[in-house]
Amino acid sequence: MTAETSPTTRVRIAPSPTGDPHVGTAYIGLLNYIFAAQRDGQFVLRIEDTDRARFVATSEQMIFDALKWIGLSWHEGPDVGGPYGPYRQSERTEIYRQHADILLANASAYRCFCTPEDLEAARERQKAAKQPPRYDGTCRRLTPEQVDTNLAAGKTFVVRMAVPLEGATTFRDELRGDITFDHNNVDDQVLMKSDGFPTYHLANVVDDHLMRITDVIRAEEWISSTPKHVLLYKAFGWESPRFWHMPLLRNVDKSKISKRKNPVSLVYYRESGYLPNALLNFLGLMGGGMAQPTEQEIVSKNLNTKEGDIFSLAEMLEKFDFKRISLGGPVFDLVKLKWLNGEYIRKLSPEDFFAALRQTVLSDDYLRAVAHLIQTRIDTLGQFGDMTSFFFSDNVMPPESIFLPKKRTLEETLAFVADQLAALEAVPWIATSIEAELKKLGEEKQWFVKENFMLLRAIVTGSANSPPLVESLIVFGKARTLDRMRRFLETQKKLSAQRR
RNA sequence: GUCCCCGUCGUCCAGCGGUUAGGACACCGCCCUUUCACGGCGGUAACACGGGUUCGAAUCCCGUCGGGGACGCCA
């Protein structure tokens, strides 16, 4: 083998359009962006829309918008094209089918006719017996004749990976070193679903190879499936890319960051008035990677020492070092984010500050929508603020006298709010859906419409008098509404803990 | 339950065999100030534990404990 010039660095992010754009996508996106830029490489955006059950049509555009909002751009992607497209997996199904056939032909995979119900039952049994839940290999032992019979009978099937029965797979994680998994602990992963779509594992490996990805920079949660991916590269006779697994962003309780415990939607941060540079800066702080300013820099640039935490994308490009990343999962601390955002706000010129307000929380669109809600409810223009303050305040907390229905206990009320929250999370943000969903929940739980809506009104507006609830929620936005409900629950929980 | 990863103030980072363990957020105090905020100054606060290795361990090795992740026809 001759020494050749190493191939151009190519990295990618592969978000799934299943809901609001996630702060974790921005984090991994930023890291990939920096990695590519530092090596004069290319950054690819690929949409992994192979899960049709969770697919949300509006999600893809929201992902583009959110990534652009924080200041990232990509060389190739569904919106800008590129030489290795299409960049939407749903448009590549034929490619995956062909590749699944290759694996079937070289015995790296097999057809499995087990039903989801069978599998679920088996998993339950294994869990109950404190066994690791794993596919039992029934269909792996099918004879070719049996397979043909099943096929002829028109039985649906999935394609499973035939993980070697013995041995182990070792791969190198660029941050952690070698990691070994015994094949006993690697499941026969489903590669093609019965609907003809590939699973992540197949699509990801095939696409990363076909798109010439050299470095896979993704979250730590993927470590345990990396042996499957490495085995797939081998089965195809391909070379694996390098793997860099980044620490997972965490909730305050250290669990993987989740919408239940933390605002994770980038839409929330935009609509609540976080500045994109501040968010980007904060994300850059997570996991380290930035060299601290030296004593000399602090003196020569006359830096306040705390400015070691404040840096632009350009500075990240210059100083970020992937080998410096610390592996402990960083807690996504909203308090520090807020401080950082405040620093950015204070740095704005008065004109820019005003412009920022006019683009977000005081935009014409927003003000127009709010105005529309209260026009018939005020007698002088000066009363505008009286009914609309909750649209502009970030600190709304109703007293018990307002939110607690007369005949309900605090406990059942809070439980009902949690139900409302869960229901609204799953609902498209249009009036008919919101109203229907709330009413449905009320019927299930035997809450009068009046109690139901008044409770939510109190939480979101802080008052018993407000413009029409559902219309207000629409204007206020889903992300902020849900966050307000979450914070309400949190605060009430704390209060009742104190009482005890 | 099985496997894998991780472990420095409450939180985010620095530390790379010899430091009074450093900075930032938060918190507390003082100053500035008609108020609040900003700003300035100061303070409380951490190497999970136990064994090694070494003249010397936060730093290297092993074990324990703790935290997290994965174990889906989700990604």
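Worth saying up front: this structure is predicted, and the values here are computed from it rather than measured. Here is how names work: the chains are called A, B, and so on, in the same order as the sequence lines, proteins then strands, and each is numbered from 1. FYI, side chains are in, hydrogens and waters are out, and symmetry mates aren't considered; it's all heavy atoms of this structure.
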Between [X] and [Y], does any side-chain N to carboxylate O distance fall below 4.0 Å?
| X | Y | result |
| --- | --- | --- |
| A/D208 | A/R12 | yes |
| A/R123 | A/E120 | yes |
| A/E490 | A/R487 | no |
| A/E271 | A/K478 | no |

Inter- and intrachain pairs under salt bridge (charged side-chain N to carboxylate O under 4.0 Å, His left out), touching residues 179-191 of chain A, at least two apart
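Qualifying pairs, neighbours excluded: A/R140-A/D188.
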Counting side-chain heavy atoms from C-beta on, which of [options] comes nearest to [X]?
| X | options | result |
| --- | --- | --- |
| A/L248 | B/G72, B/A75, B/G69 | B/G69 |
| A/K256 | B/G39, B/G72, B/G69 | B/G69 |
| A/S224 | B/A70, B/A26, B/A75 | B/A70 |

At a heavy-atom distance below 4.0 Å, what parts of residues 189-196 of chain A sit against RNA chain B?
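Heavy-atom contacts with RNA chain B come from A/V190, A/K193, A/S194.
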Strand contacts (RNA chain B) in residues 132-143 of chain A, 4.0 angstrom heavy-atom criterion:
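Only A/P132, A/P133 qualify.
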Grab the [atom1]-[atom2] distance between [X] and [N] for me, whole Å please.
| X | N | atom1 | atom2 | result |
| --- | --- | --- | --- | --- |
| A/N262 | B/G68 | CG | P | 15 Å |
| A/W339 | B/G39 | CH2 | P | 9 Å |
| A/D188 | B/C73 | CG | P | 12 Å |
| A/M161 | B/C71 | CE | P | 15 Å |
| A/F197 | B/A75 | CZ | P | 11 Å |
| A/D178 | B/C5 | CG | P | 10 Å |
| A/R176 | B/C5 | CZ | P | 9 Å |
| A/E124 | B/C71 | CD | C1' | 13 Å |

Looking across every strand, which nucleic acid part, if any, lies under 4.0 Å from [X] by heavy atom: base, sugar-phosphate, or nothing?
| X | answer |
| --- | --- |
| A/R54 | base |
| A/F181 | sugar-phosphate |
| A/T50 | sugar-phosphate |
| A/V158 | base |
| A/T180 | sugar-phosphate |

Pairs satisfying ring-ring contact (aromatic ring centres under 6.0 Å, His included), at least one member in residues 123-143 of chain A, at least two apart:
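Qualifying pairs, neighbours excluded: none.
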Show every ring-ring contact (aromatic ring centres under 6.0 Å, His included) that has at least one partner inside residues 98-118 of chain A, sequence neighbours left out.
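Those involving residues 98-118 of chain A are A/H99-A/F236, A/H99-A/W238, A/F113-A/F157.
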What distance, rounded to whole Å, do you find between the two [atom1] atoms, one in [N] and one in [M]?
| N | M | atom1 | value |
| --- | --- | --- | --- |
| B/U11 | B/C47 | P | 12 Å |
| B/G52 | B/A57 | C1' | 12 Å |
| B/C62 | B/A45 | C1' | 31 Å |
| B/A46 | B/U64 | P | 28 Å |
| B/G15 | B/G22 | P | 15 Å |
| B/A21 | B/U59 | C1' | 11 Å |
| B/A58 | B/U20 | P | 13 Å |
| B/G50 | B/G40 | C1' | 46 Å |

Output all residues satisfying side chain to side chain donor-acceptor pair (under 3.5 Å) with [X], sequence neighbours left out; order by chain, then residue number.
| X | result |
| --- | --- |
| A/S73 | none |
| A/R160 | none |
| A/T226 | A/R218, A/H245 |
| A/Y87 | A/E76 |

Show me the side-chain donor-acceptor pairs of residues 323-331 of chain A shorter than 3.5 Å, one per line, residues at least two apart or across chains.
unit_1 : atom_1 : unit_2 : atom_2 : d
A/K323 : NZ     : A/E174 : O      : 3.3
A/S326 : OG     : A/G287 : O      : 3.4

If pairing requires Watson-Crick or G-U wobble contacts with both distances under 3.5 Å, which nucleotide is the partner of [N]?
| N | answer |
| --- | --- |
| B/C55 | B/G18 |
| B/U33 | none |
| B/G7 | B/C65 |
| B/A70 | B/U2 |

Verify whether one side chain among A/T170 and A/D178 offers a donor that lies under 3.5 Å from an acceptor in the other.
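There is no such pair (donor and acceptor under 3.5 Å, judged by atom type) between the side chains of A/T170 and A/D178.
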Take A/L175 and A/T199, find for each the nucleotide of RNA chain B with the closest heavy atom, and name the residue whose nucleotide sits nearer the 5' end.
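The residue whose closest nucleotide sits nearer the 5' end is A/L175.
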Starting at the 5' end of RNA chain B and moving along, which residue's nearest nucleotide shows up first, A/C112 or A/L337?
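The answer here is A/L337.
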Side-chain donor-acceptor contacts of residues 347-356 of chain A below 3.5 Å, not counting sequence neighbours, with atom names and distances?
unit_1 : atom_1 : unit_2 : atom_2 : d
A/S349 : OG     : A/D352 : N      : 3.0
A/S349 : OG     : A/D352 : OD2    : 3.3

Distances for protein N/O vs nucleotides 9-13 of chain B N/O pairs under 3.5 angstrom?
unit_1 : atom_1 : unit_2 : atom_2 : d
B/C12  : OP1    : A/V331 : N      : 2.9
B/C13  : OP1    : A/G287 : N      : 2.3

